[in-house]
Amino acid sequence: MLDWYDRHHRTLPWRAEPGDAQDPYRVWLSEIMLQQTTVITVGPYFAAFLQRWPTVNDLANADLDEVLHAWQGLGYYARARNLHKCAKVVADEYGGRFPDTEEGLLKLPGIGPYTAAAVAAIAFNRHSSPVDGNIERVISRLFALETPLPDVKPEIKEKSAALTPSDRPGDYAQALMDLGATICTPRNPACGICPWQASCEGRKSGIAPELPKKRKKPAKPTRVGYAFWIRREDGKILVRRRPEKGLLGGLYEVPGSDWRAIEAPDDVMLSEAPIKASWTELDGTVGHTFTHFHLDVTVLAANIAESDAAKLDGSWTTIDGLSEFALPTVMKKIVRHALKYR
DNA sequence: AATCCGTGGGT
DNA sequence: TACCCAAGGAT
């Protein structure tokens, strides 16, 4: 496997050249960003973070709002909140140095079993065996494990750990992930060029492409709601910061109603507007899909007097000034819709 | 243990 | 279109 890795070595922004020492900060930052996120998506975010905050101490000294702003669009925003929290812990309690063991790393915010093992192996050459989605796929196929996820996870971890060599465990882990990303792919795996084809039980029995088995996910429900596009006399728009926990926590939003499974009567929705006003319903709706539900938002627009605006909580901003706020993708869509139809 | 938590690309 | 999937973690 390491032979294959050396021959097919991918140069990635966070990966040190062969023989060079790894920077734990870069390894950690990349691993957090790569959680449930593709390499191609992470690239520019990683570069921007590294340029703006070259060390963990720099990141620790940033404001959370700055970090969320730099993270906007990447999703799973709890990662950004925990990233910042973790940087502060490392800077303030660990002298700016990451713990160099799996157990030590596991104690830090935002670092779970996978990331602790990955950073320990890649940054500190510890004999750890991270198991991500790629490695779950590779191992379940190699041993033809037909038990569905997540039940089979402990068995995968056991098999994977037994295979991990003492020499270059970090490169070994990255090799397995590269194998899963480029050859042992979810669909149409390229078994013919796989370095493990001779010993792969899944290939022998012809079930490799169907593994790992997973339980079917429940269908996503649709929720509906209103967004209130409120324009002050000077043309500025009202935005507000969402609570720090939960969906899109800590990011900014165009004020809105609750998002409900069933459309509520107009008077209920309007009672949730920040202010009484003469609303104009804009054409069409804004659709967005989150992890566990679809959302359809209707945008209501109103111009309000300066005296009324003074009663409202939030921040008033010009259209251009919106770029200074951390807006999740659904809110960017709402802004675009409002500007198009208003 | 099961649920919550984003987004963009591929098929 | 409607799914699936991606270097998962917190509660």
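By convention in this document, chain letters (A, B, ...) are assigned in the order of the sequence lines, proteins followed by strands, and residues within each chain are numbered from 1.
Along DNA chain C, the nucleotide nearest to A/R15 and the one nearest to A/K245 differ in position, and the one closer to the 5' end is contacted by A/R15. Ranked by how close their nearest DNA chain B nucleotide is to the 5' end, A/D151 and A/G246 are led by A/D151. Map A/L106 and A/A181 each onto its nearest nucleotide of DNA chain C; the residue landing nearer the 5' end is A/A181. Mapping A/Y76 and A/R215 onto DNA chain B via the closest heavy atom, the residue that lands nearer the 5' end is A/R215.
For residues 254-264 of chain A, the pairs satisfying side-chain hydrogen bond (donor to acceptor under 3.5 Å, both in side chains) are A/R260-A/E272, with sequence neighbours left out.
B/dG8 sits 22 Å from C/dG9 when the P atoms are compared, rounded to a whole Å. B/dT3 and C/dA7: their C1' atoms are spaced 22 Å apart (whole Å).
Rounded to an integer number of Å, the gap from CD of A/E31 to C1' of C/dG9 is 14 Å. Per the geometry, CD belonging to A/E244 stands 15 Å off C1' belonging to C/dA10, to the nearest Å. The separation between A/I40 atom CD1 and B/dT7 atom P is 19 Å, rounded to whole Å. Rounded to whole Å, the distance from NZ on A/K217 to C1' on C/dC3 is 9 Å.
Counting heavy atoms from C-beta on, the side chains of A/W229 and A/L282 never come closer than 4.5 Å.
At a threshold of 4.0 angstrom between heavy atoms, the contacts of A/T289 include nucleobase atoms, whether or not backbone atoms are also involved. At the heavy-atom level, A/P150 lies nowhere under 4.0 Å from the strands shown. A/P130 comes within 4.0 angstrom of no nucleic acid atom, judged by non-hydrogen atoms across all strands. A/W14 comes within 4.0 angstrom of a base, heavy atoms only. As judged by a 4.0 angstrom heavy-atom cut-off over every strand, A/I111 is placed among residues touching the sugar-phosphate backbone only.
The stretch residues 152-180 of chain A does not touch DNA chain B, since none of its heavy atoms comes less than 4.0 Å from the strand.
One finds no side-chain N or O of A/Q35 lying less than 4.0 angstrom from the OP1 or OP2 phosphate oxygen of C/dG8. Residue A/Y77 places at least one side-chain N or O closer than 4.0 Å to OP1 or OP2 of B/dT7. For B/dG6, the OP1/OP2 oxygens have no side-chain nitrogen or oxygen of A/T329 closer than 4.0 Å. Under 4.0 angstrom from either OP1 or OP2 of B/dT7 there lies no side-chain N or O belonging to A/T37. OP1 or OP2 of B/dT7 has at least one side-chain nitrogen or oxygen of A/H288 nearer than 4.0 Å. At B/dC4, none of the side-chain N or O atoms of A/H292 fall inside 4.0 Å of OP1 or OP2 (strictly under the cut-off).
Between the side chain of A/K220 and the backbone N or O of A/T291, at least one donor-acceptor pair lies under 3.5 Å. Between the A/T115 side chain and the A/G112 main chain, no donor and acceptor come within less than 3.5 Å of each other.
Between the base of C/dG8 and the side chain of A/Y114 there is no donor-acceptor pair shorter than 3.5 Å.
Residues satisfying the ring pair (Phe, Tyr, Trp, His ring centres under 6.0 Å) criterion with A/W4, sequence neighbours excluded, are A/H8.
If you check B/dG6, C/dC5, C/dA10 against the side chain of A/T291, the one that comes closest is B/dG6. Among the nucleotides C/dA7, C/dA6, C/dG9, the one closest to the side chain of A/P186 is C/dA6. Among the nucleotides C/dA7, C/dC5, B/dG6, the one closest to any side-chain atom of A/L248 is B/dG6. Ranking C/dA6, C/dA7, B/dT7 by closeness to the A/P328 side chain, first place goes to B/dT7. Side chain of A/F290, nearest nucleotide from B/dT7, C/dA6, B/dT11: B/dT7.
In terms of heavy atoms, A/P99 sits closest to A/F124 at O-CE1, 3.2 Å. Taking all atoms of both residues into account, the shortest heavy-atom contact from A/T185 to A/R137 is C-NE, 3.6 Å. Looking at every heavy atom in both residues, A/V224 comes nearest to A/M269 through O-CE, 4.1 Å.
Centroid-to-centroid, the aromatic rings of A/H288 and A/F290 come within less than 6.0 Å.
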